[in-house]
Amino acid sequence: MTNSSTSVPLNYLNHKTGLWSWLTSTDHKRIGLMYMYTIAIFFCVAAILGLLMRIEKLTPGQTIMTAQTYNGMFTIHGIIMIFIVVIPGLAAVFGNIFLPIMIGAKDVAFPKLNLFSWYVFITGALLGLYSQFANGNSPDTGWTFYVPYSAAASSNVVIALTAAFVLGFASILTGLNFIVTIHRMRAPGMTWFRMPLFPWSLYATAWIQLLATPIVGITLLMVIAERTLHIGFFDPSLGGDPVLYQHLFWIYSHPAVYVMILPAMGVVTEIFPTFSQKPVFGYVPIVFSSLAIALVGYFVWGHHMFTSGISYESRWFFSFLTFLVAIPSAIKVFNWLSTMYGGSVDLKPPLLFAISFIFLFTIGGFTGLTLGSLATNIQLHNTDFVVAHFHYIIFGGMGFAFFAAIHYWFPKIYGRMYNFKWANISWGFLFVGFNLLYFPLFVIGIQGMPRRYFDYDPKFQTGEVLSTIGAFILITGLILMISNLVYHSRRGAIAPANPWHGVTLEWQIPSPPPHENFDEIPVITHEPYRFDHPHTN
Amino acid sequence: METLFNEGSNLAGAVDRAFIFIFAVSFIFTIGITALMIYILIHFSRKRNKNPQQFSHNTKLEVVWTVIPILIVLVMFYYGWVGFAPMRQVPKDAMPVTVIGKMWSWEFDYGNGKLSKELVVPYNKNVKLNLVSVDVNHSLFIPAFRVKEDVIPGYKNYLWFRPIMKGTFDIYCTEYCGLAHSAMTAKAVVVDSLEFNKWLADLKVTGNVPDHPGLAIIKANACLTCHSMDGSKIIGPSFKGLFGRKTVVVTDSGEKEIEANGDYIKKSIIDPNADVVKGFNKGLMQSYKEKISAEDLDKIVDYFKTAGEAK
Amino acid sequence: MKNHENHVSSDSLNWTVLVILLILTAITILAIKIHLGAFTVALALILASIKVTIVLTYFMHLKFENLLLRLMVGGVFLLFAVVIVITFIDYYFR
Amino acid sequence: MSTNEHSEFIDSDTGKLGMWLFLFTELFLFGGLFIVYSVMRSKYADDFHHAALELNAFVGATNTVVLLVSSMTVAMSLTAIQQKRGGKAMGLLFITLLLAGVFMVNKYFEWGHKFGLHLYPGSDVMKSLPHGEIMFFGLYYMMTGLHALHVIIGGILLTIVILKIKSGKINSEHYLLQENGALYWHLVDLIWIFLFPLLYLIT
Ligand code: HEA
Ligand code: HEA
Ligand code: CUA
Ligand SMILES: [Cu+2]
């Protein structure tokens with residue numbers, strides 16, 4: 001440590017030191033950081049797999065790996081990214097660190113349970129990794145584990161399924177903790193409608209985690225039972241129903257996509273007012289749109305199964321609801337724009353990432369609509385168009401929101417400031433690389449290039465090559481960004497308590513926050529986003 | 001762009017219309033939103049606008065931007081629906097072709113043992129594809145025709161189209177099915193009716209003549225574990241020479257001789273313990289009432305009939 | 001902590017609830033014996049739901065809990081019912 | 001700032017809300033199986049009827065009564081602790097555990113009987129059955145197995161409660177753990193209330 005540590009007052013980072021004090025800490029901020037580091041490591045692993053896949057796709061046929069390797073690679077890439085990176089992602093990292101502070105609490109409702117969830121998470125994550133390497137026999141089912149293939153494929157599928165099951169359990173516990181925290185721990189005077197919007201989005205998310213995850217849990221258990229006990233719920237030769245598996249899987253996994261995006265929406269909803277010094281536009285509609293997304297999002301799972309032979313009636317029913325679930329997202333986009341409109345807009349890195357979130361999320365969302373429409377879905381289902389859709393919306397949406405969040409709260413978390421210039425430069429690489437990486441996939445998807453294809457028709461090569469070039473630009477941006485952040489988390493200039501002049505509670509306490517967050521629990525007397533009464537620090 | 005504007009089938013037009021509508025709306029909105037963002041960044045930048053306004057809602061605006069997207073998505077839904085609905089209404093006269101998906105190749109069964117590795121179809125004639133999988137899930141995708149449907153074991157999925165463009169088109173498997181998923185491709189060839197008929201006539205009957213549909217059902221229900229085809233007696237009487245055979249059966253009201261006609265065969269399957277063939281035990285064969293539909297019963301009878309005539 | 005608002009149910013209430021539950025169980029079994037065809041399942045499920053409601057209200061003290069929790073429990077069951085119904089939009093029409 | 005923990009104690013409403021939320025996830029865990037059940041049943045109505053004949057409705061009914069009574073004893077023990085009658089509370093919980101034991105013994109014989117008939121997943125007998133019956137037995141094992149697991153967990157939880165009453169950690173002032181244990185036990189009962197008619201009575 002540098003000599004500055006003596007000048008920094010005691011805070012959650014330095015009040016106790018040593019690895020052990022971290023691994024046994026029930027402090028929500030430390031747990032949040034532990035999630036962040038784990039997730040970052042896993043993200044890098046999965047991202048490198050993504051890059052390798054892109055290199056493989058440079059030429060038709062075998063380029064650098066065999067088909068078996070490629071198939072295992074997109075499976076584990078998907079499993080890590082979905083179950084380890086983006087589903088816990090924002091909620092477990094920034095939710096843990098900032099939810100209690102933003103509602104004026106000293107910790108979450110069940111601190112020990114919170115630490116326990118982290119261990120469950122780690123167990124699941126390691127199992128997931130193990131499933132890839134054990135016996136040199138990686139599972140190759142895709143992250144969706146469709147039966148009957150997954151009931152017959154490589155033996156490591158059971159390990160991968162168990163990993164997903166365990167990770168689901170961690171997700172449930174986090175959700176449970178957050179709901180109770182929000183219900184029971186708000187500071188005096190903080191009524192529901194005086195709660196900031198990031199906690200609101202976590203609240204909606206937590207309900208999905210709680211009520212959808214068990215379904216996939218039991219479904220994965222059934223597949224495990226199918227493989228080990230030969231029960232055969234999904235095996236047609238025993239009378240089982242492979243499409244029923246798809247129903248059960250998507251009953252969870254569609255709501256799960258909103259587990260990814262809702263906290264991301266919450267993050268940018270915090271950033272826009274702060275960097276415009278203007279209240280959130282339409283607080284109440286934003287709250288209700290979050291709840292509506294959570295609720296309606298529960299009923300549209302069938303749009304992943306439009307071509308699976310489900311009944312005609314349910315096809316149009318699911319398509320119809322899919323379109324309706326887009327409305328709350330639309331409302332949010334317009335509210336964000338109006339929040340900035342008329343403000344005093346300061347284009348610092350967090351805002352830069354937040355507006356690119358809007359751009360990428362809009363593209364991702366609209367291509368989602370294209371997929372939700374019955375006629376076009378028939379053409380686009382399981383093509384690279386879908387791959388582009390969800391990378392735009394997950395990586396472009398949730399990923400960029402994560403980047404926005406880390407740039408926004410970095411000074412609060414570490415008490416130091418990163419370098420703006422490098423942040424902007426890395427943003428440039430990320431943004432350009434991202435679009436070059438995924439946009440061509442829309443085009444070749446429309447032309448009919450299927451996903452999960454190791455080999456392809458040479459007519460798609462232009463798109464594939466452009467996409468791979470994009471991946472290299474993107475990785476450059478990522479390395480720049482991560483270096484900037486890692487370096488300055490220890491060496492950066494000391495940051496003030498409230499560098500962005502934010503008004504939510506986390507900005508009213510020192511940076512980094514003291515172990516107990518608040519010396520005295522604050523009393524809330526007004527709505528969260530009031531910039532007309534500047535707070536004194 | 002080869003396939004997007006290659007409208008290879010009668011269904012393609014409506015799909016593309018839906019696509020173009022959604023694309024146009026998306027394009028306008030994305031450009032509009034981006035432009036607005038840039039405008040805000042410039043016009044309200046901190047340098048120019050030191051004093052942020054403090055408004056925080058406007059009910060009229062909020063209603064407007066809720067209602068307009070609702071209307072827009074309803075139209076999108078409508079286009080998607082009308083583009084899709086005909087895909088599920090197979091014309092009566094459609095020529096059936098059975099598509100067999102297996103790891104990792106396609107086979108197109110034109111009936112009577114005529115199997116092909118290519119899907120050859122007559123120009124401007126309705127074709128119905130019945131999708132059968134012998135192992136895991138697959139999905140048949142012909143981009144130029146805008147058709148795709150999963151091929152799932154145990155399911156009777158189907159799709160249909162009327163090719164309106166001659167030429168050779170790609171067929172892909174779009175449901176992950178293991179190692180060589182990406183190699184599970186084939187070609188669809190659209191030719192004149194005349195040419196098609198000639199092609200079909202020339203198509204060799206390949207080794208495995210497919211079973212008579214009735215026999216297929218018999219095999220699928222494992223009837224042959226108890227009934228032989230060669231005259232030997234297993235648990236039940238042999239199927240050899242069944243049709244028209246004179247048999248003595250034991251009923252509740254004593255013995256009688258019957259001739260095995262269609263009705264008797266059906267009855268033996270649905271209610272096997274009513275007329276028990278003399279020399280065999282009652283109660284061994286279970287009723288297949290729930291498992292074999294009336295349609296399939298007809299096919300079984302038809303099979304026995306044709307097998308009998310062949311002798 | 002003081003559990004000031006916690007309700008104490010008397011033993012006699014618990015006994016009454018048990019007797020009602022046992023009677024409902026008996027009715028269920030008897031109702032199955034007289035064959036009601038398609039309604040048998042419906043009836044069995046309705047009776048089971050009544051029993052579950054009783055357990056929730058009295059044994060699990062929902063009656064004495066705040067409205068929010070009661071709404072949550074109701075909502076959760078409703079949500080599950082809707083999921084089943086939507087699944088059957090597929091299976092019923094197939 | 002001296003302790004590592006922010007707050008040692010959890011107040012009763014918070015703890016109870018947490019428990020209820022947990023119960024919701026349990027409901028949905030079984031919910032997944034109920035979805036499979038309803039779909040399979042609608043596909044193979046007759047096979048289900050037929051297969052259910054194989055189950056002993058009497059054993060099922062006995063276990064229903066056993067669980068209902070145990071639910072009451074748990075509820076009564078909560079009343080007892082609130083009325084400062086720790087001894088009675090422990091006694092009632094002990095009866096509950098006994099009943100749980102009866103339930104498990106019944107289950108053991110029930111399963112044992114089926115295994116004796118080679119009616120277990122993967123057996124040749126099972127594979128030779130009509131599809132609907134395979135599904136029925138698969139579900140039967142999965143559902144009752146998962147339920148039995150919950151009975152065991154509930155039993156462990158209640159044992160801990162008894163020990164804590166004994167040591168005075170649970171008393172008329174602090175009985176959150178007992179309340180939660182009771183809630184969990186009622187859930188076990190609640191699920192059985194649905195399982196019983198669906199598995200045993202549809203003949
Ligand atoms: C964070 C994750 C996330 C999110 C938020 C979404 C959001 C949406 N998704 Fe996406 N989706 C995925 C992740 C996500 N998706 C993944 C991972 C898959 C693939 C799974 C797999 O098979 O592996 C997938 C697949 C997928 C499919 C299935 C494709 C297929 O396989 O055939 C469909 C089909 O309907 C779909 C639709 C939608 C829709 C309509 C939305 C909507 O919620 C989008 C709403 C947003 C907007 C509409 C944009 C913003 C609005 C405006 C700018 C205002 C103007 C709006 C109007 C005028 C309407 N998605
Ligand atoms: C959060 C979600 C997420 C994210 C961020 C990504 C990121 C990336 N994904 Fe992935 N992807 C999925 C979720 C995600 N993906 C899912 C769910 C699937 C479906 C799987 C399935 O079909 O089952 C999928 C499928 C998928 C495919 C399709 C496979 C196929 O269908 O054939 C491809 C192919 O190009 C791909 C590529 C990439 C690439 C190049 C990135 C890049 O954006 C990654 C960018 C990062 C880097 C290139 C490296 C950065 C590394 C560092 C900064 C570390 C530096 C470290 C050291 C120096 C030690 N992904
Ligand atoms: Cu067959 Cu993919
Ligand atoms: Cu979805």
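In the text below, chain A, chain B and the rest are named by the order of the sequence lines, each starting its count at 1. A quick note: this is a predicted structure, and the numbers were derived from the prediction, not measured.
Taking the six-membered ring where tryptophan is involved, the planes of C/Phe80 and D/Phe34 are perpendicular, since the angle between them exceeds 60° and thus also 30°.
In this structure, D/Ile193 CD1 and C/Leu47 CG are separated by 11.0 Å, a value rounded to the nearest 0.5 Å. Atom CG of residue D/Leu27 and atom CG of residue C/Leu79 lie 11.5 Å apart, to the nearest 0.5 angstrom. Annotation: the span from C/Leu13 atom CG to D/Met72 atom CE amounts to 11.0 Å, rounded to 0.5 Å. In this structure, C/Thr25 OG1 and D/Leu68 CG are separated by 5.0 Å, a value rounded to the nearest 0.5 Å. The line from CG of C/Leu56 to CG of D/Leu190 is 5.0 Å long, rounded to the nearest 0.5 Å. Atom OG1 in D/Thr79 sits 5.0 Å away from atom CG in C/Asn14 (nearest 0.5 Å).
Inter-residue side-chain proximity for D/Leu198 and C/Leu45 is flagged as met; some heavy-atom pair is nearer than 4.5 Å. D/Leu17 places a side-chain heavy atom less than 4.5 Å from the side chain of C/Met72. Residues D/Leu78 and C/His61 have side chains in contact (heavy-atom distance under 4.5 Å, counting atoms from C-beta outward). Between C/Phe88 and D/Ser38 the shortest side-chain heavy-atom distance falls below 4.5 Å.
Heavy atoms from other residues, nucleotides or ligands lying under 6.0 Å from CZ of D/Phe109 number 12 at most. Residue C/Arg70 places its CZ atom among more than 12 non-hydrogen atoms of other residues, nucleotides or ligands, all under 6.0 Å distant. More than 12 heavy-atom neighbours from other residues, nucleotides or ligands sit within 6.0 angstrom of NZ on D/Lys88.
Contact of D/Leu183 with chain C is made through backbone and side chain together, with heavy-atom distances under 4.5 Å. Only the side chain of C/Leu62 comes within contact range of chain D, judged by heavy atoms closer than 4.5 Å. Of the atoms belonging to C/Leu21, heavy atoms from both backbone and side chain fall under 4.5 Å from chain D. If you measure heavy-atom distances from C/Val73 to chain D, the contacts under 4.5 Å come from both the backbone and the side chain. Contacts of D/Thr64 with chain C are made by side-chain atoms alone, with heavy-atom separations under 4.5 Å and no backbone atom involved. The part of D/Ser42 that comes within reach of chain C is its side chain, from C-beta onward, which places non-hydrogen atoms under 4.5 angstrom from that chain. Heavy atoms of C/Val76 lying under 4.5 Å from chain D belong to its backbone as well as its side chain. Using a 4.5 Å cut-off between heavy atoms, C/Tyr58 does not touch chain D at all.
Listed here is the closest heavy atom pair of C/Met60 and D/Leu187: CE-N, 4.2 Å. Annotation for D/Met76 and C/Trp15: closest pair CE-NE1, 3.7 Å, computed over non-hydrogen atoms.
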Yes or no on side-chain contact (heavy atoms from CB on, under 4.5 Å) for C/Phe59 and D/Val74, after CA distance, side-chain angles and deciding distance? CA-CA 9 Å; C/Phe59 281 169; D/Val74 164; over 6 Å; no
Could you check C/Leu69 against D/Lys16 for side-chain contact (heavy atoms from CB on, under 4.5 Å), going step by step and ending with a plain yes or no? CA-CA 10 Å; C/Leu69 186 59; D/Lys16 248 197 305 188; over 6 Å; no
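With chain C as partner, the option from D/Ala57, D/Pro197, D/Ser71 having the largest number of non-hydrogen pairs under 4.5 angstrom is D/Ser71.
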